[in-house]
Number of protein chains: 2
Amino acid sequence: MRKVRTVTIADVARHAGVAVSTVSYVLSGKRAISATTRQRVLESVRALGYHPNAGARALASKRANVIALVLPLRAGMNLPVLMQFATSVVATARQFDHDVLLMTADEGPEGIQRVAASALVDGLLLMDVEVRDPRVPLLRELGEPSVLIGFPADADGLTCVDLDFARAGALCAEHLAAGGHREIALLGAPRVVYERGTGFAERTRAGFTAAARGLTAVAVPCEETYDEVAETVKLLFDRHPGLTGLVVHNEAAVGHVLAALRALGRSVPEDVSVVAICPDDVAERASPALTSVLIPAEDVGHEAVRLLMAKLDGLPADSMLLEPRLTIRESTR
Amino acid sequence: MRKVRTVTIADVARHAGVAVSTVSYVLSGKRAISATTRQRVLESVRALGYHPNAGARALASKRANVIALVLPLRAGMNLPVLMQFATSVVATARQFDHDVLLMTADEGPEGIQRVAASALVDGLLLMDVEVRDPRVPLLRELGEPSVLIGFPADADGLTCVDLDFARAGALCAEHLAAGGHREIALLGAPRVVYERGTGFAERTRAGFTAAARGLTAVAVPCEETYDEVAETVKLLFDRHPGLTGLVVHNEAAVGHVLAALRALGRSVPEDVSVVAICPDDVAERASPALTSVLIPAEDVGHEAVRLLMAKLDGLPADSMLLEPRLTIRESTR
DNA sequence: CCCGTTCATCGAAGCGCTTCGACACCGAGG
DNA sequence: CCTCGGTGTCGAAGCGCTTCGATGAACGGG
C-alpha cells in the first residue's frame, strides 16, 4: 500500500552519474552512446526499477505510443472472431511498443474526435466498418492515421484490411462443385446484417453466386434461433428437393443447422455436404467436424497493426485483402 | 490530411482574454469563477474546438484518467459474457470521464507493473482472477488501486466483485426441487477449468450440492464438443435412470446438451427439466427456451468501475457479490 | 604541430497543463 | 473611515521527458 515516490529519469541520471539527456538517448537510441556509458545507465535503470512516465513522454515527444481500437460491440456481432482479433491487435501492438485503448462504436464520431484531438492516441483501428460509415468522412478530415477493418463504399486514400470474402464464398461454391454437387445453397447472415449494408455478408454472397455459375444456387439470409434456422432449412429443402450442398456463413447458426438436418433425417455428409465459413474451433467442435473456410482474425489484426505502425512512421500503407483458407474435414464429399 | 497545429489552453485564454489558469479552473471547476467569465471561456473553447492534451494533463495532475482492463483472452473463456462485460466497463468508465486501456493477461504481472509504474493508468480492473493468481501478490505490493472480478483465495484488503455463483447453483437446485424433482445433475465447466482452480466453477458446484441436500444430486465436468457432450449425457442417464433435472453451467455446451437429449429421445421439459446458467440471449435462442440463471455481466462491469472510481477518489470500496436472477421459461416444470 | 572532424556527452529550452500563493477588489462590521 | 474576510483572477513554478545546439576530447591528415 505504500505509495513510493516514483523513480524519474533524473534519479537514474544521478545514480549513473550522467546527464538526464544521456539517459534519454540510451533509452531511445537516437544518438550514439558509448558502450560503457550505456551499460552503466542500463544498470541504474534496473537497479532503481525505472519506468518512463507515459504522460511526460507523450507530452515531450508528441507520441503517446497508444492506438485506439474501436470495436462495434453491438448485437449480432461475431464474438469469437472479434476476440481473436482484439487479442492479436493487443499482442502485435505490444511488439511495436504500443498499448491499446479500447473504444466502443457507440461513442460515435465524437469519440474518435476526442481521443484524436487530445492526443490520447496516435492512430486508430476501426473494426466492422460499414459500406457507408459516418466515421469515414470524419477520418478523412481529421487526417489521423488510421486503418479500417472492412471496406467502406469509398475507400480512396484510406487503408483497409479485410478477409477476401468474395473469394471465401467462391471457394465454398467451387469445393462443392468439385464434389459433383449441382444444386447448392448459401445460408448467410441474419437479414438485418444485409440491410445494414455490412459489406462482408454481401461480398460473400456475390462471390458464392458468381462461382456457382452453371449450378443451381440460391442464397438466403439466416436468423440465429434454433426454431428459425430449422424453419429456414426445412423450407429450403421443400423448395429445392435436389439440394445436396450447403454453405453456412453464420457462426451462431452453424450448430442449429446441423441439428435441423439431423431432425429432418438428412445425414451429413451422406445426403448433404456442409461447408461453413467460421473459425476452426467451431468447425472442429461440431459433429461431424465441418469442412470450413477460416476467417483469419489473427492475421487481420496483425496486419492491421502493422499497417498502422507503418503509417505512424510516415510510410505508405496500401489496403490489403487476406486470402481465405479452405480446410477439408468430414462434412463434405 | 492537413495537420492543424493543435489548439492549446493558451490559445483559449488569449481568445477569451483571461489567464491560462482561469481557463483551467473553469474546466475543472476547482475554484469559483464568475458566471460571466465562465461563459466567455466556454464559448472560446467551443469556438476554437479545444480539447485538453491528455499527456500534459496527466503529467501535471498525476491522473491519466485511464483505467486498465485486463482480460484473460485465453481459450475456453465465455466470450459473450466477456464482451458484455467489456462493453459495460467502457461505457461506465466514460461516464466517469475515463478511458479504458485493453490488456491481455498474457503480458502477465510485468504488464501490470509496467502500466502502473509508467502512470499510463490510474487503476486496474482484473478479470477472471483465479483462486491462486500470481497477479494478486503483485497487486498488493504495488498498492495500485484495483478491482478484481472473481475472488482469489485470499481476498483480504482487495476489492472484488462477482456474481454469487454459489447462490446461482443453489437457485437452480432449489427450483428443480420445488418442481418435485428428486434426482438431479449439474453439468459444469470443462475439466480443465476445475483443475485451474477458477473459483466460479467450484463455487457453483458447492452451492448446487449444498442446496440439493435431501435429493440425489451429482455434478460432473462437461467438455464442449458435441460428441463429448452427447457421451457425457448418455453416461449420466445410464448411471442414473431416474434423473429428471439437469443444470447446465457451460454456455458452449448448452446447445449440444439439448441436441443430445433430442437424440436420446428425451423431451424437454416432459421427460427432463433443464436449467442453464448463461446469458439471456443464449437461453432464449434455444429450443425450447431455457429456464436460466442470468450472469449479469453488465452489472458486474458497472459495479466494478464504480468501485474503482471510488478508490481513485480515496474512498473505501468493499467487495460485493451480485445476486443471480432466475428466469423461468419453457424448459422446466 | 595545428586544424578540421567525428564522437560522446551535457545543459537548457520547451511540450501543455495544474496548482499554489498572491493580489486586487468589494461589502460588511467596528 | 479603516480594517477584515471573502471572491475572482492572475502569474509562475513545476510535472518528467525529449531534443536541439553547444562543448570538449580524441584523432588523423597536411
Side-chain angles (χ1 to χ4, degrees), chain A residues 3-42 44-45 48-66 97 114-120 122, chain B residues 3-42 44-45 48-66 97 114-120 122:
Chain A
K3 198 73 215 180
V4 236
R5 197 182 81 61
T6 68
V7 182
T8 74
I9 197 173
D11 298 329
V12 176
R14 204 169 313 123
H15 186 274
V18 299
V20 164
S21 50
T22 303
V23 177
S24 177
Y25 286 125
V26 166
L27 262 23
S28 71
K30 294 195 180 175
R31 277 200 186 175
I33 296 288
S34 69
T36 60
T37 307
R38 157 183 288 102
Q39 218 46 45
R40 203 140 37 84
V41 168
L42 291 180
S44 298
V45 164
L48 302 180
Y50 169 69
H51 287 262
N53 178 295
R57 193 194 274 254
L59 180 57
S61 68
K62 310 198 158 310
R63 289 280 242 116
N65 274 35
V66 175
D97 193 32
R114 184 177 60 85
V115 295
S118 66
L120 230 190
D122 303 322
Chain B
K3 198 71 213 177
V4 239
R5 196 181 81 63
T6 67
V7 182
T8 74
I9 197 172
D11 299 328
V12 176
R14 205 169 313 121
H15 187 274
V18 299
V20 163
S21 49
T22 303
V23 176
S24 178
Y25 286 126
V26 165
L27 261 23
S28 71
K30 295 197 178 174
R31 277 201 187 175
I33 296 288
S34 69
T36 60
T37 307
R38 157 183 289 103
Q39 218 47 45
R40 205 140 38 84
V41 168
L42 291 179
S44 298
V45 165
L48 301 180
Y50 169 70
H51 286 262
N53 178 295
R57 194 195 275 256
L59 179 57
S61 68
K62 311 199 157 309
R63 289 279 242 118
N65 274 35
V66 176
D97 194 32
R114 183 177 61 84
V115 295
S118 67
L120 229 190
D122 303 321

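So you know, we letter chains A, B, ... as the sequences are listed, proteins then strands, and number each from 1. These numbers were taken from a predicted model, which means no experiment stands behind them.
A donor-acceptor pair under 3.5 Å is formed between the side chain of A/Ser118 and the backbone N or O of A/Arg114. Of the possible polar contacts, none joining the A/Arg38 side chain to the A/Val26 backbone as a donor-acceptor pair under 3.5 Å is found.
When distances are taken from the side chain of B/Val20 to each of D/dT19, C/dT18, D/dC17, the shortest belongs to C/dT18. Here the nucleotide nearest the side chain of A/Ile33, chosen from D/dC17, C/dT9, D/dG8, is C/dT9. In the set C/dT18, C/dG16, D/dT18, C/dG16 carries the atom at the smallest distance from any side-chain atom of B/Thr6.
OP1 or OP2 of C/dT19 sits under 4.0 Å from a side-chain N or O of B/Lys30. For D/dG16, the OP1/OP2 oxygens have a side-chain nitrogen or oxygen of B/Lys62 closer than 4.0 Å. Phosphate contact (OP1/OP2 of D/dT9, side-chain N/O of B/Ser34, threshold under 4.0 Å): present. Taking only side-chain nitrogens and oxygens, B/Thr22 comes nearer than 4.0 Å to OP1 or OP2 of D/dC10.
B/Val18 comes within 4.0 angstrom of the backbone, heavy atoms only, and of no base. Nucleic acid contact class of A/Ser24 (heavy atoms, under 4.0 Å, all strands): base. Counting any heavy atom pair closer than 4.0 Å across all strands shown, B/Thr37 reaches sugar-phosphate atoms only and no base atom. Across all strands shown, B/Thr8 has heavy atoms under 4.0 Å from sugar-phosphate atoms exclusively, and none from any base. As judged by a 4.0 angstrom heavy-atom cut-off over every strand, A/Ser21 is placed among the base-contacting residues.
Under the 3.5 Å distance criterion, with hydrogens and angles disregarded, no donor-acceptor pair is assigned to the side chains of A/Ser24 and A/Ser21.
Below the 3.5 angstrom threshold, one finds no donor paired with an acceptor across the side chain of B/Arg31 and the base of C/dT19. Judged by atom type and distance alone, A/Tyr25 reaches the base of D/dC20 through a side-chain donor-acceptor pair under 3.5 Å.
Between the OG atom of B/Ser44 and the CD atom of B/Gln39 there is a distance of 10.5 Å, given to the nearest 0.5 Å.
Distance CZ (B/Arg38) to P (D/dT7): 15 Å, rounded to an integer number of Å. Look at CG on B/Leu120: it is 14 Å from C1' on D/dG16, rounded to the nearest Å. One interatomic measurement links the two molecules: CD1 of B/Ile9 to C1' of D/dT9, which rounds to 14 Å at whole-angstrom precision.
Between B/His51 and B/Val7, the closest side-chain pair of non-hydrogen atoms is not below 4.5 Å.
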